[in-house]
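First the structure, in the form of structure tokens, and then the observations on it.
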Amino acid sequence: MGLDIRVPLGLIFLITGGMMSVYGLITRNSGIYEKSMGINLNLWWGVAMLIFGGIMFFFGRQQKWQDDPVTPRPWERGEGPRH
Amino acid sequence: MVQVAVFHAARLCFQVPRRESCGRNELPLNHLRETVNLSSIDWLIMLVYFVFVLGIGFALKRYMRTSNDFFLAGRSIPAWVCGLAFISANLGAQEVIGMGASGAKYGIVTSHFYWIGAIPAMVFVGVFMMPFYYGSKARSVPEYLRLRFDEKTRAVNAFTFAIMTVFSSGISMYAMALLIQTLGLFHGIIPDQYIFHVSVLLSAAIVLGYIFLGGLTSAIYNEVLQFFLIVAAFAPLVWIGLKNVGGWQGIKHTLPVTMTRSWHGMEHASTNSLGVEWVGLAMGLGFVLSFGYWCTDFLVVQRALAADSEESARKVPLIAAIPKMFFPFLVILPGLIAVSVTSHMAQPAAVPVQHPQALTAAHQALPEGPGRPHGLIPVKTDPRSGREEFDTDGNAVYNYDLAITVMMLHFFPTGILGLGLTALLASFMSGMAGNVTAFNTVWTYDIYQAYINKKGTDAHYLWMGRVATVGGILLSIGAAYAATGFNNIMDALQLIFSLVNAPLFATFLLGMFWKRTTGHGAFTGLIAGTAAALVHHGLTLPDGALSGLHGGWIKVLHHYPSDMAQNFWTAIFAFSVNFVVTVLVSLVTKPRRESDLVGLVYSLTPQPVEAHLSWWQKPATLGIGVLVLLVALNLIFA
């Protein structure tokens, strides 16, 4: 399939992780982290998600054929021209 | 066959996401001890997810040129993507919620549903069965049955499967709407009495949107997103929870030993919390039910058929088995943590009334005795009066289904709470989507093309697939409302599913590995196996249950110690009867020519060429590695 799943997967983790870490930064001295035993889960987990998202996005973009829907798929090869 | 056969075992026996336990949809919103306070960041995170879900559908739309693209993702997906989808399709929120609930109620023993209840079967389907599913070019499991046996065997499988997927998808939709309502997610945004309806319609519209546009590929991609979201949301939950209760040692300290050891007391049904002995567990769950689900259910097999080569297809279940093995730590452990959290042990209003006569030996083995910690688990409230419920002994009844959600509300500050809720919503939606994609394929290829319109063009079948998607969603909505309207309909349906599903694996086992098996044999065996399951259910009854839906509706000849034991032995009987009848009928009917069975039967099919693979790339090596890990995990938590 022409769309590599790692691209949207990376993007959603980049965006969500980014939002969480920014929010974590803004609220770093607030009382909401009493729930999570004083740990700023938004900031730290947000950064972890950012890193994961970045790696996925990077490797997803490495695929050269991703925007090329006319590259024959495995079952099409050897069938001659289409369309 | 069934949506989540193994989980059905769980549901039938654990009685997990039963509607009674969640209450009706007029459930009061105030019965959670901790209120849901979402801020805009939580909403924003959920919104991002929904934008991506639909965005993936739109991005894939232009690749949907043939029915092959739509139903089988063009057989072009890499093994690891299919592998993650393979387990995610099964990991609907019913399972996430249900497994957390069972963890809270029964303990780590619940992980048997993942360990012996899935892993051996996943290794078997990958190493031995996939070459026939993928190699035969069958487009669905019922179609394999037609190639191997005959039209009537396929018809039985196709129709029962289609009906079950629609209901399973409806149950998922219902459970999601109920959870949204219980949490009061839209409280204050839309009037309370409409929350249930809006949730059903909204989830239906989104799932419809992305499958209609991107077909199976869309479903698989969203399942991969869901997989990572579940991990991203549950890993910090478990980490912070463990930190709170003093780690695994702390849990062991707080909870009875039956809850922290998976094989403790398994030699006898009365000494472990599941109420089943090891023979029933190993044969019923570990063999018949789990192989019957993971090896024959098109919902999961379809994910492997989407792989880009036979080699990849064989690796799909093996890759899936690795995260599957560790999922108990993400979904069951929060349940154990929820009951171990002592800071919140504020006893509910009524102190459990001690009934000395109830404290029999069997009772003590069950973790449900008085004095057992309940941690964060809220007391179940009566949906009508809003009062707390008590059982006949005067003990408070706890609502274990809320284990995972109260954990999130307890430990997650706003922000990451949005991520947690997104993961739950994602798993509900892909639970639905998995069923809908399996339904539209079986409908189009095995029912519409087989019996209604044999000569359509490929474009016509692609169109039909989209129509079937709309139809499947509409039927699911109907099923979701049926679940709200009739008290026992879902219990009854789950019972029927398990009866139909129980004998199925014998048919595939004989079909793939014994070339003498005939179509008449397979068909008669299947019917006889289901009948045997029905009769066995009608003649036995779990202890303490009344005749009727729980069994014994013919005459009670035998009592089982628990629902679970009855369910496992029903499956064992059904399998055995199917096996024997199929063999006997096959021996007296005419077998097919061997030349017709090449590619469909083990002894007549050339072994897959693996010469170009290094030893560590071979499926068998991967399979052995998975099994070694499985044994190690069982030893650690024995």
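Predicted model, so just to flag it, every value in this text is computed and none were measured.
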Worksheet entry | Part of residues 47-57 of chain B lying next to chain A, heavy-atom separation under 4.5 Å | B:V48, B:Y49, B:F52, B:I56

Worksheet, complete the sentence: B:A232 and A:W45 have their tightest heavy-atom pair at O-NE1, 2.7 Å

Discussion item. Please report the interatomic distance CD1(A:I12) to CG(B:L225), rounded to the nearest 0.5 Å.
Written reply: 5.0 Å

Worksheet item: Would you find a donor on one side and an acceptor on the other, under 3.5 Å apart, between the side chain of A:N42 and the backbone of B:T414?
Response: yes

Worksheet entry | Minimum heavy-atom distance B:I45-A:M19, with the two atoms named | CG1-CE, 3.4 Å

Discussion item. Working to the nearest 0.5 angstrom, can you tell me the gap between A:D4 CG and B:Y221 OH?
Written reply: 6.0 Å

Worksheet entry | Top contributor to chain A interface from B:G415, B:A235, B:G418 [non-hydrogen pairs under 4.5 Å] | B:G415

Practice prompt. With the side chain counted from C-beta on, respond yes when B:D42 and A:Y23 share a heavy-atom pair under 4.5 Å apart, and no when they do not.
Written response: no

Worksheet item: So do B:K243 and A:I39 actually touch side chain to side chain, heavy atoms under 4.5 Å?
Response: yes

Worksheet item: What part of B:L419 lies closer than 4.5 angstrom to a heavy atom of chain A: side chain, backbone, both or neither?
Response: side chain

Item to complete: Quick one: list whatever passes salt bridge (charged side-chain N to carboxylate O under 4.0 Å, His left out) with B:R466, sequence neighbours left out.
Response: none

Worksheet item: At a heavy-atom separation under 4.5 Å, does B:S40 approach chain A through its side chain, its backbone, both, or neither?
Response: neither

Fill in: Parallel, tilted or perpendicular, as decided by the 30° and 60° cut-offs, for the rings of B:F228 and A:F13
perpendicular

